[in-house]
Colleague: 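I have a structure I would like to understand better, so I am pasting it below and will then ask my questions one at a time.
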Amino acid sequence: MLPRSCPALPRRERRQQTLHSAALPGMMPLSFPGVQRTGMNLLSLLQEKLTAALTGLVPHPETYGALVRPTQDERHGDYQANAAMPLAKVLGQKPLDVARRIVERLALDDVVEPPAIAGPGFINFRFRSDWLARQLQAAAADDRLGVSSTARPRTVVIDFSSPNVAKPMHVGHLRSTIIGDSLTRLLRFLGHRVITDNHLGDWGTQFGMLLYGYKHYRNEEALRTDPVREMARLYVKVRQEIAAGEDEAEEAANPVAEACRQETAKLHAGDEENVRLWRLFMPWCLADIERIYRRLDVRFDHTLGESFYHPMLADVVQSLLDRGIAQKSEGAVVVWFGANEPPALIRKKDGAFTYMTTDLATIRYRVETWKPDAILYVVDFRQSLHFKNLFDTARRWGYDQVELVHVSFGSVLGPDRRPIKTREGGAIELEQLLDEAVARAEQQYERTREERLARGEEVPELGADERRQVAETVGLGAVKYADLSQNRESDYVFNWDKMLAMDGNTATYMQYAYVRNRGIFRKSGAAVEPFRTEPPEPTLTHPAERALALQLLRFSETLQAAAIEYRPHLICGYLWELAKSYSVFFQNCPVLRAETSVLTRSRLLLCDLTARTIQRGLDLLGIRTVERM
RNA sequence: GCCCCCGUAGCUCAGGGGAUAGAGCAUCGGUUUCCUAAACCGAGGGUCGCAGGUUCGAAUCCUGCCGGGGGCACCA
């Protein structure tokens, strides 16, 4: 069996599921199911106020009330409402007149400056600085940084990572693993009940290969001392043998491959010896992938692989036949979709079941066991047809209340835009990649340290342990962030230098912003606690202070948008903007040397809230921070 | 053959009805008696693949074409 997230060729797919009903093209959803519109959500606040102003004035006020966007140019204010132009036609009035009537009815006096009407009918909002300051003060006193917890928690099963065991994890598994983990963290933070389930490929042909390898090439000594490594060796050995036999005879039977297939078939048929060996191998295989998950800081609530569902498959097929959803055809059992569309097999003519059967059994099990509102599949784009068929079949089968979503992502490509390979043509092993990232981070630390010394700067002298810790955190953060910061639906061109770059929109930049921030507190001896328990109301007089404050208060709407569309890269984009705002602030607004102690306290509040927001944002991406680097 | 996706700056990518299309890298120029220079500031660089259409308004929606990729019973 192929892993679900094998490295692959490309392409993105549009959202398959609509979580909100957009009445107008391009409008932002007014609300996300289960997410309360309260707290510091600036966008929602304006949308609500606008909707209230439109109520009684126009039909479908919430549709037009939702047409609020951040401005692209700060000269136009902070946010803009675009409702007047489309409403002009509906009401048969001039857009500027409509805009004026809307503004007259808005109840936002204590929140925004008097709105400006500009251009063809844009209504521009600029928040009052004193209002922003009070919101910031409230956010600082809040563990959740002003982000509301959901009013209606949903139960969501997230199916991600799902590698084949019995062979080393490779770079192709990375995207599913870290996107799925990030979505888990995000939805949990917003208050949803998330159940993570690693749907392992633990029952397929790769086990046949292991069985064949074990029977022919095992090294007893190696198995005793390091079974995991021996498993990997056997797998590679067998795969090489199969590959060697493929060149001459593409179509002709490959004796080794055929032998492996037979081992697999025997396993499925319950052959005593093979089942015993399967039970022997599994813990070793699990230990191997578990090591990587630990390093990546990824945990699963359940690891129910394909083998778990094996006993249920015959009943699944029978049930689908009984209900007339599946038909027998050419000796197989299939489910038909459209007249011109090929069917999906749920039982092959040799009696074997397919991954469609397993996935159907899995849906039934999950729905009956956990009663989820939604099941997310974080899987390679190329399986979109499979999921379309799977979801269609499941709904016909009666599972039409659960929302089934294929959270698809693009492929990992090499510099030649072909699927990423090592020089030898194999997949890049995940662990090697992580080691390389950490090694590069360590080299970067060395280089930077020498440059700092050459400039006569103070250098934080890290002990060996802390240095390793920094390298691990920075290196893994770089790898994760490089992937997560890209729209998941795009193909991902793998590039060492870009992935491990420490400039620009990278985890390192964010981690560094955090470190500089913490340095201020360390240097001054100021404690952070008072800024969290009894925060002062900050003064926002410098443009850099105001811009930073505004960005900090956009955290809530960012997380909401990321959750609606299952797009972690929105968080990355936000953090990048936040870190840039902080940099400008840092450059222009001395903190410890501010003119007054009141201003110092105000700026320390901004610093601490920035640090906490960066730390929280990175945490939602599965990335850690360090105190010094 | 049928279906799906993509084409935006030299490169890698955001933006997917709203104001003059953005960022990073790369290139060029500048910044350190100052809280970490793994930083900051500035400059150049685009016919948003092409052509029609819808709209007050299109990179964004529709149609066609060109180029690239993927998927399409007995692998998963």
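The sequence lines fix the lettering, A, B, ..., with proteins before strands; numbering per chain opens at 1.
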Colleague: Taking the C1' atom of each, how far is B:G71 from B:G10, in whole Å?
Modeller: 33 Å
Colleague: Nearest of B:C13, B:C74, B:G71 to any side-chain atom of A:Gln486?
Modeller: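 Of the options given, the side chain of A:Gln486 lies nearest B:C13.
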Colleague: For the side chain of A:Pro460, starting at C-beta, report the closest nucleotide among B:U36, B:C35, B:A76.
Modeller: B:U36
Colleague: Assess whether a salt bridge exists between A:Lys349 and A:Glu330, defined as any Lys/Arg side-chain N lying under 4.0 Å from an Asp/Glu carboxylate O.
Modeller: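 Salt bridge between A:Lys349 and A:Glu330, a charged N being under 4.0 Å from a carboxylate O: no.
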Colleague: Whole-Å distance between B:C2 C1' and A:Lys388 NZ?
Modeller: 12 Å
Colleague: How would you label the contact of A:Arg75 with the nucleic acid (heavy atoms, under 4.0 Å): base, sugar-phosphate, or nothing?
Modeller: base
Colleague: At 4.0 Å (heavy atoms only), tell me whether A:Gly519 reaches a base, stays on the sugar-phosphate, or touches nothing.
Modeller: sugar-phosphate
Colleague: Only Watson-Crick and G-U wobble pairs, only distances under 3.5 Å, only runs of 3 or more: what stems does that leave for RNA chain B?
Modeller: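 Runs of three or more consecutive pairs: B:1-7 with B:66-72, B:10-13 with B:22-25, B:27-31 with B:39-43, B:49-53 with B:61-65.
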Colleague: So what does A:Ala88 hit on the nucleic acid, given a heavy-atom distance under 4.0 Å: a base, only sugar-phosphate, or nothing?
Modeller: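 Result for A:Ala88 = nothing.
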Colleague: Where the side chain of A:Phe122 is defined as all heavy atoms beyond and including C-beta, which of B:A76, B:G18, B:A73 is the nearest nucleotide?
Modeller: B:G18
Colleague: Kindly say whether A:Val515 contributes a backbone atom to a donor-acceptor pair with the side chain of A:Arg628 at under 3.5 angstrom?
Modeller: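 No; zero donor-acceptor contacts below 3.5 Å.
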Colleague: Distances for protein N/O vs nucleotides 54-59 of chain B N/O pairs under 3.5 angstrom?
Modeller:
| residue | atom | partner | partner atom | Å |
| --- | --- | --- | --- | --- |
| B:U55 | O3' | A:Lys89 | NZ | 3.2 |
| B:C56 | OP1 | A:Lys89 | NZ | 2.5 |

Colleague: How many angstroms lie between CZ in A:Arg516 and OH in A:Tyr512, if you round to the nearest 0.5 Å?
Modeller: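 A:Arg516 atom CZ to A:Tyr512 atom OH measures 5.0 Å (nearest 0.5 Å).
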Colleague: Mind checking if A:Thr506 touches a base, just sugar-phosphate, or nothing, with heavy atoms under 4.0 Å?
Modeller: nothing
Colleague: Reckon A:Asn389 touches a base, only the sugar-phosphate, or nothing at all at heavy-atom distances under 4.0 Å?
Modeller: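 If one applies the 4.0 Å heavy-atom cut-off, A:Asn389 turns out to touch nothing in the nucleic acid.
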Colleague: Out of B:A19, B:C74, B:A76, which nucleotide sits closest to the side chain of A:His76?
Modeller: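 Nucleotide nearest to A:His76's side chain: B:A19.
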Colleague: If you measure from the P atom in B:G53 to the same atom in B:G16, how many Å do you get, rounded?
Modeller: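 Pairwise P distance, B:G53 against B:G16, rounds to 26 Å.
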Colleague: Give A:Val515 one of three labels, base, sugar-phosphate or nothing, depending on what nucleic acid heavy atoms sit under 4.0 Å from its own.
Modeller: base
Colleague: Just to be sure I understand the rule, does A:Pro590 reach a base, reach only the sugar-phosphate, or reach nothing, if contact means heavy atoms closer than 4.0 Å?
Modeller: base
Colleague: Between A:Lys348 and B:C75, is there a contact of a side-chain N or O with OP1 or OP2 at under 4.0 Å?
Modeller: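 For B:C75, OP1/OP2 do have a side-chain N/O of A:Lys348 under 4.0 Å.
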Colleague: Using the test side-chain contact (heavy atoms from CB on, under 4.5 Å), find all partners of A:Ala257 that sit at least two apart in sequence or belong to another chain.
Modeller: A:Ile242, A:Asn254, A:Arg261
Colleague: Hey, does the side chain of A:Arg593 come within less than 4.0 Å of B:C35's phosphate (OP1/OP2), counting only N and O?
Modeller: no
Colleague: So if I take residues 90-97 of chain A and measure heavy-atom distances to RNA chain B, which residues fall below 4.0 Å?
Modeller: none
Colleague: Would you mind classifying the nucleic acid contact of A:Cys589 as base, sugar-phosphate or nothing, using non-hydrogen atoms under 4.0 angstrom?
Modeller: base
Colleague: Is it true that A:Arg126 and A:Glu74 have a side-chain N and a carboxylate O under 4.0 angstrom from each other?
Modeller: no
Colleague: Assign A:Arg628 to base, sugar-phosphate, or nothing according to its heavy-atom contacts below 4.0 angstrom with the strands shown.
Modeller: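 Result for A:Arg628 = base.
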Colleague: Across nucleotides 38-43 of chain B, 5' to 3', mark each nucleotide with B, S or - according to how protein heavy atoms within less than 4.0 Å reach it.
Modeller: BSSS--
Colleague: What is the separation between atom CZ on A:Arg69 and atom C1' on B:G15, rounded to the nearest whole Å?
Modeller: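 It works out to 12 Å between those atoms.
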Colleague: Do A:Asp78 and A:Arg69 meet the salt-bridge criterion of a basic N to acidic O distance under 4.0 Å?
Modeller: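 No, this pair does not count.
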Colleague: Give every residue pair that meets the ring pair (Phe, Tyr, Trp, His ring centres under 6.0 Å) criterion with at least one member in residues 329-353 of chain A, sequence neighbours excluded.
Modeller: none
Colleague: Decide yes or no for A:Met510 and A:Asn505: does some side-chain heavy atom of the first lie under 4.5 Å from some side-chain heavy atom of the second?
Modeller: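 Yes; the side chains approach each other to less than 4.5 Å.
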Colleague: Any side-chain N or O of A:Asn517 below 4.0 angstrom from OP1/OP2 of B:C35?
Modeller: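 It does not, given that no N or O in the side chain of A:Asn517 lies less than 4.0 Å from OP1 or OP2 of B:C35.
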